[in-house]
Structures are given as C-alpha cells and as structure tokens.
Engineer: 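One structure coming up, written as structure tokens, with questions to follow.
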Protein chains: 2
Amino acid sequence: MTEKTKGLRPAGGQPDKRRAILTGALALFARDGYTRASLDGIAAEAGVSSRTIYNHFRDKAQLFEAVIQESSGRVADTQIAIIDRHLSKIVDLEADLVEFGTAWVAVMDSAAAPHFALVRQIHAELEHIPQTAVDAWRETGPRRVRGELAERLGRIADRGSLRIPDPDRAAVHLMLLVSNDNLPYGADRRNEKELTAMVTAGVHTFLHGYRP
Amino acid sequence: MTEKTKGLRPAGGQPDKRRAILTGALALFARDGYTRASLDGIAAEAGVSSRTIYNHFRDKAQLFEAVIQESSGRVADTQIAIIDRHLSKIVDLEADLVEFGTAWVAVMDSAAAPHFALVRQIHAELEHIPQTAVDAWRETGPRRVRGELAERLGRIADRGSLRIPDPDRAAVHLMLLVSNDNLPYGADRRNEKELTAMVTAGVHTFLHGYRP
DNA sequence: TTATCATTGCAACGAGCGTTGCAGTCAGAT
DNA sequence: ATCTGACTGCAACGCTCGTTGCAATGATAA
C-alpha cells in the first residue's frame, strides 16, 4: 500500500503483493504457528488487505504450504552457496570446516532465523500437514541440502582427507555438531565467543570421528 | 467416571482425576499443540468432565505448564536411569555406549514418544510461554539430564578412557549423535536395523572425536 | 442421617477466526 | 474514453473455543 506499483503484472495477482504476503506470512507463521497466526494479522504484517490474500491463495492451508516451499527453497539455496564457497577448494580441512560452520550458524541465527522458526512450527505441526506437502518440503529443503553437503564430503573423502562410509550420515553429523541444532538440550543463548567455541568443538569432534 | 474412587482424597480434587487429566492433556497437547488442542478434547481424552479440569487447574495455560513439568520430570528420571544403568560400570566403552544409545532411542521412540512430541510443541511455542515456565522446564528436564550425563562422561574421562575438555558439550554431542535429534535433516523413518546403524555410527563418531 | 465436597451435564456468554460477497477505487491497456 | 482487472474496506455468516454459573448426583466422613 505504501509503495507504488510499477512494471507489468502477469495473470493471477501482482507479484509484489504475492511476495509481500509470503514474507508477512512467514514472519507470523514462524512466530505464532499455523493455528495462532491469523489471516488479519498476516494481512496487516504484509501491508495488504486480508481480502487480497484470497486472490492469491485458495485458503490458509495452501498459503502455509506456499510459505514453506518458498522459504525452504530460498534458504536451501543460501546454504548450498555456503557449502560451495567453503568446501569446494580445501586448503586446510579443519580451518575450512570451521569457517563453513561459522557461516552456517551465522545464517541460521540472522538472515534465515525466521525460516528455522518456521521449521520448528513444521515439526510441531507434522501430524496436521498433508503428506504430499511434507514430502515436497523435505525434498526441496533439507534433503537437497544434505545431498549437496554429502557430495562435497564424499569428494573430500575420495581425495583421502576423510574416511566416510556413509556420506549422508556424515553430512547429518556435521550439521548437528556445528549447529547444536538450535539449543535443544538446555543450552543457553550464546554470545560470539561461545558460538565459535561451539563450532570449533563440533568440527573437532566430527573431524576426529571421520579422519582416517 | 468409569472407575470407582478409593482411598483418602486430599484437598484440591482427587489425585486420580488429576493424573487422568494430565495424561490426556499430554496426549492432546503433544499431538495438536497448545492452541489447536481444545479443553473439551482433553476432557474427553481423560474421561473427565471439562468442568472438572477447572477444579484442578486455573486455566488452559496453567494446565499446559503443569503438563510440561510433570512429563519432563518423569522422562528425565527415565533417562537418568538409563545413564546410570549403562554408564556406571564401564567394561567395553564402545559396546556400553552403543547399548546406552540403543536404550536411549528406544525410550524416545516408544514410551516417551508423546513427551518428545510435546517438546517439539514447546520449541514451537517458546515465544508464548512465560519465561519462568521455560526456565523451570529446562532445569527439571534437559539441563538435569545433560548434567547427569556430563558427570558420567567426566568420570570416564578421569579414568583416562576419554579426553573431554568440556563435559557439558560432550554430553550434548553424544545425545545429538545417538539420537539424530528426531530426524530433522530429511531422514526417513527408520526400521530396527537402520536404527542400530545410526546409534553405532553416532557412537563411533563421538568416540573417535573424544578418544585420547 | 447429615454435612461436605468433588464431579457432572447443561446452558450461556463473549471473543476470535476463516471465509465470502459486495461495492467502490485506482492503475494500466486498448 | 473505455474497459479490464487487481486491490480495498466493510459487513456478515457460521463455527469453535475458553470460561463461568448453576443445579443435580454421588460418595465419603462425622
């Protein structure tokens, strides 16, 4: 509303409105969850009439699934970029892994923080989301990222720097260790120093667990 | 309703009713989450009039917090029992850790499955639960378990079987690795063989990461 | 028996929410 | 200028839910 519309508009609603809706819906779904988040709240957050949402999405459920898909794809791209940037050319394996882990937790805690709050909502709502949507999300999100990371680790193992019997499992282990999976086991909120200490310790454990 | 009341009854409602309410509320809160779960549904699940719930608990929020506390304490006791049973007397460290991990994931997947579904709901609802309740839960639940496991690991390290700079971190790493943290990274549902493979691989990584 | 008390069923309230219809407005395309 | 289509504000619907009040029931303790 506060901005002027510019450019052509394809069929099915204006794309900037759609993007605004998706962004606002991500924010509210992430914070409040599917049931608690209201369409009026989403509309307000997006700066859009609540009636417009029904111009772009069939109902609340489909909006939720669209938000999941959109956010998952975007974040997966970001994570894969981090993987490519830090794990393509290896010079010092431990140092490169630490830098990878640092970038990993940084993006999880800042830019992609709403997305991972949404992921917690998804995990809580799993019984109420149609299986097809869950499968689609897993495929375009975590599975794709895990596959990319597993491939990189496998390539490093081929060069002899690691011994990895199961690349998928190694990828999961590395992600778990460097991110502490969002403090589930009673950890406090971390400052900068504790954060790098966590990443370093995780990389250390991973490295000695998979080093030949 | 269907059972006869027996024994004395202390002030504030009958204890079997209270337990039935807590059990039913755990089941529904775990499956549906705080907002979606209705008091009528909980009352039906518990075999109790919805009016009776207000005899035992002030409102829905306090019932939720009571369920969290009750379930967390019970499950923490179970987990600590597993820790004591498998990590007190060490004969073969790797074998004992694998047995520990096997019992760990078994209880998470069966007896305590509703509790960990509830934990996922807590993680999703964190912004809507009073800080005091969150702190109380962390203390009687994950923190207490982590402390117990850290102490055991530290004692093993004192005997020279492990080299552990930070026992708390080591405890978190071990729990993450043996449980894969409830398949967040795109893992499929596991059968029995994959489950032991997961535990074994996790123990292997942990052990080589922390072995001197 | 009588008194106490937890439990129950029912009715009611007020609020919030998803969803739809309708009329009006505004910007771009012909 | 006219037409098209998207957006908006408003009102309304039906529904669910948390919560409370009230009268009735049944069991226990004196």
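A note on names: the letters A, B, ... follow the listed sequences, proteins ahead of strands, and every chain is numbered from 1. The model shown is predicted, which means the values in this text are computed figures rather than measured ones.
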Engineer: Test for a donor-acceptor pair under 3.5 Å between the base of C/dG21 and the side chain of A/R51, counting only N and O atoms.
Structural biologist: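 Pair found.
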Engineer: Which one, D/dC7, D/dG18, C/dG18, comes nearest to the side chain of A/K60?
Structural biologist: C/dG18
Engineer: Would you find a donor on one side and an acceptor on the other, under 3.5 Å apart, between the side chain of B/Q62 and the backbone of B/F57?
Structural biologist: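 No, the answer is negative, given that no donor and acceptor are paired below the 3.5 Å cut-off.
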Engineer: How many whole angstroms separate atom CZ of B/F57 from atom C1' of D/dT19?
Structural biologist: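 Interatomic distance, CZ of B/F57 to C1' of D/dT19: 16 Å.
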Engineer: Which whole-number value in Å describes the distance from A/R36 CZ to C/dG18 P?
Structural biologist: 13 Å
Engineer: Which is true for A/A37 with a 4.0 Å heavy-atom rule: it touches a base, it touches only sugar-phosphate, or it touches nothing?
Structural biologist: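 It contacts sugar-phosphate atoms only.
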Engineer: Can you measure A/F64 atom CZ to C/dG18 atom P for me and round it to whole angstrom units?
Structural biologist: 13 Å
Engineer: Any side-chain N or O of B/H56 less than 4.0 Å from the OP1 or OP2 oxygen of C/dT7?
Structural biologist: yes
Engineer: Nearest to the side chain of A/Q14 - D/dC7, C/dT19, C/dA6?
Structural biologist: D/dC7
Engineer: Nearest of C/dC17, D/dC17, D/dT8 to any side-chain atom of A/V48?
Structural biologist: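 The answer is D/dT8.
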Engineer: Do B/H173 and B/T205 have side chains that approach each other closer than 4.5 Å (heavy atoms only, starting at C-beta)?
Structural biologist: no
Engineer: Taking only the side-chain heavy atoms of A/S38 (C-beta and beyond), determine which of C/dT7, D/dG9, C/dC17 contains the nearest atom.
Structural biologist: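 Output: C/dC17.
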Engineer: Provide, to the nearest angstrom, the distance between the CD1 atom belonging to A/I42 and the P atom belonging to C/dG16.
Structural biologist: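 Answer to the nearest Å: 17 Å.
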Engineer: Send over the distance from A/K17 NZ to C/dG28 P, rounded to a whole Å.
Structural biologist: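 In whole Å, C/dG28 P lies 13 Å from A/K17 NZ.
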Engineer: Once the angle between the rings of A/Y34 and A/F64 is folded into 0 to 90°, is it parallel (under 30°), tilted (30 to 60°) or perpendicular (over 60°)?
Structural biologist: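 Aromatic pair A/Y34/A/F64 classed tilted.
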Engineer: Expressed in angstrom and rounded to an integer, what is the separation of A/I53 atom CD1 from C/dT20 atom P?
Structural biologist: 13 Å
Engineer: For D/dA6, does OP1 or OP2 lie under 4.0 Å from any side-chain N or O of A/N55?
Structural biologist: no
Engineer: Once you round it to whole Å, what is the distance between C1' of D/dT8 and CD1 of A/I21?
Structural biologist: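 Checked: the CD1 to C1' distance equals 12 Å.
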Engineer: Counting side-chain heavy atoms from CB outward, which of D/dT19, C/dT19, C/dC17 is closest to B/L39?
Structural biologist: D/dT19
Engineer: Determine yes or no for a side-chain-to-main-chain donor-acceptor pair under 3.5 angstrom, with B/Q121 supplying the side chain and A/A124 the backbone.
Structural biologist: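 Checking the backbone N and O of A/A124 against the side chain of B/Q121, a donor-acceptor pair under 3.5 Å is found.
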Engineer: Taking the side chain as C-beta and beyond, is there a heavy-atom pair between B/H56 and B/K17 under 4.5 Å?
Structural biologist: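 The answer is yes, as the side chains (C-beta and beyond) meet within the 4.5 Å cut-off.
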Engineer: How many Å lie between CG on B/D40 and P on D/dC15, as a whole number?
Structural biologist: 17 Å
Engineer: Should B/T52 be listed as having a side-chain N or O under 4.0 Å from OP1 or OP2 of C/dT8?
Structural biologist: yes
